[in-house]
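Structure, as structure tokens:
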Amino acid sequence: MMKNRHLAKAIAQQGCYNFRVKLIAKCQQLGIPVHLTGRFEPIFKLCHNCGTKKVSLKLSERTYHCPNCNYTNDRDLNAALNIRDTKNFALAY
């Protein structure tokens, strides 16, 4: 997003890293685990039910529909379930 010359200044001012630091600190106070996944992990493209990767997933598709097992769910909820159940994550301490 920083490469987009129209949005770069607004995105830089948001302070995403500061939000992450504050989120981790608050979760540590409350004893909530924070799962940090890799930047290029395909969590939105993986089916939570069978694990099939959907190659052509457009941003405009708000519901995730798996062609393999016919699993249908909201795209963001599917990604959240994938983050929760993934094996490749680091806990923020």
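Here F40 sits alone; no ILVMFWY side chain lies under 4.5 Å from its own, so it joins no hydrophobic cluster. Under a 4.5 Å side-chain heavy-atom cut-off, the cluster of Ile, Leu, Val, Met, Phe, Trp and Tyr residues that includes V55 has no other member. L30 belongs to a hydrophobic cluster with I32, counting contacts under 4.5 Å between side-chain heavy atoms of Ile, Leu, Val, Met, Phe, Trp and Tyr, direct or through other members.
Residues passing the side-chain hydrogen bond (donor to acceptor under 3.5 Å, both in side chains) test with K22, sequence neighbours excluded: none. Scored by the side-chain hydrogen bond (donor to acceptor under 3.5 Å, both in side chains) test, D74 finds no partners at all (sequence neighbours excluded). Considering only residues two or more places apart in sequence or on other chains, R75 meets the side-chain contact (heavy atoms from CB on, under 4.5 Å) condition with F44, L57, L59, R62. Not counting sequence neighbours, the partners of N73 by the side-chain hydrogen bond (donor to acceptor under 3.5 Å, both in side chains) test are Y71. Here N68 pairs with T52 under the side-chain hydrogen bond (donor to acceptor under 3.5 Å, both in side chains) rule; sequence neighbours left out.
Taken from CG in L36 to CD1 in I24, the straight-line distance is 5.0 Å, to the nearest 0.5 Å.
Within the 4.5 Å cutoff, no side-chain heavy atoms of V34 are placed close to those of R20. The closest side-chain heavy-atom distance from P33 to C27 is not below 4.5 Å.
Among residue pairs with one or both ends in residues 16-37, those qualifying as ring-ring contact (aromatic ring centres under 6.0 Å, His included) are H35-F89; sequence neighbours excluded. Sequence neighbours left out, the pairs with a member in residues 44-59 that pass salt bridge (Lys or Arg N to Asp or Glu O under 4.0 Å) are K54-E61.
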Per-pair distances, 0.1 Å, donor-acceptor, side chain in residues 77-84, under 3.5 Å, sequence neighbours excluded:
{"unit_1": "N78", "atom_1": "OD1", "unit_2": "H48", "atom_2": "N", "d": "3.2"}
{"unit_1": "N78", "atom_1": "ND2", "unit_2": "L46", "atom_2": "O", "d": "2.9"}
{"unit_1": "N82", "atom_1": "ND2", "unit_2": "I43", "atom_2": "O", "d": "2.8"}
{"unit_1": "N82", "atom_1": "ND2", "unit_2": "L46", "atom_2": "O", "d": "2.9"}
{"unit_1": "N82", "atom_1": "ND2", "unit_2": "N78", "atom_2": "O", "d": "3.4"}

